[in-house]
Amino acid sequence: MDNIRNEIKSYIAASGWSLVDIVAKMNESRSESEQTTPQNISNKLTRGTIKYSEVKEIAEIIGFKIVWVKE
């Protein structure tokens, strides 16, 4: 779990975005009842309960694409 959290946070930091800015961008396309907070996303990362769809959304916002490569 820590590896996933650290990986996502390092991509966010390397992209020059802050979690606050990412969440603001995420909320732009969400209805009021579906909006989230930086603390909520941070808690999900810490607990390892973040949805794959949320990770994909974060990646897209910061200019990344998740690619699955067969080992």
ask   = So, do Ser42 and Leu45 sit near enough that their side-chain heavy atoms are less than 4.5 Å apart?
value = no
message = I'd like to know whether NZ of Lys25 has more than 12 heavy-atom contacts from other residues, nucleotides or ligands below 6.0 angstrom.
response = no
task = Assess whether side chain to side chain donor-acceptor pair (under 3.5 Å) is satisfied between Asn43 and Thr46, documenting all intermediate values.
result = CA-CA 5 Å; Asn43 288 342; Thr46 299; 5.3 Å; no
query = Out of curiosity, does Ile4 fall in the hydrophobic cluster containing Val55 (side-chain heavy atoms, cut-off under 4.5 Å, transitive links)?
reply = yes
request  = With Ile41 as reference, evaluate Ile8, Thr36, Val20 under the side chain to side chain contact (heavy atoms under 4.5 Å, CB included) test and give the passing residue.
outcome  = Thr36
query = How far does CD of Glu54 sit from CD1 of Ile22, to the nearest 0.5 angstrom?
reply = 12.5 Å
Do any side-chain atoms of residues 56-71 form donor-acceptor pairs under 3.5 angstrom with protein atoms, and if so which ones, sequence neighbours left out?
{"from": "Glu57", "atom 1": "OE1", "to": "Arg30", "atom 2": "NH2", "distance (Å)": "2.8"}
{"from": "Trp68", "atom 1": "NE1", "to": "Tyr52", "atom 2": "OH", "distance (Å)": "3.1"}

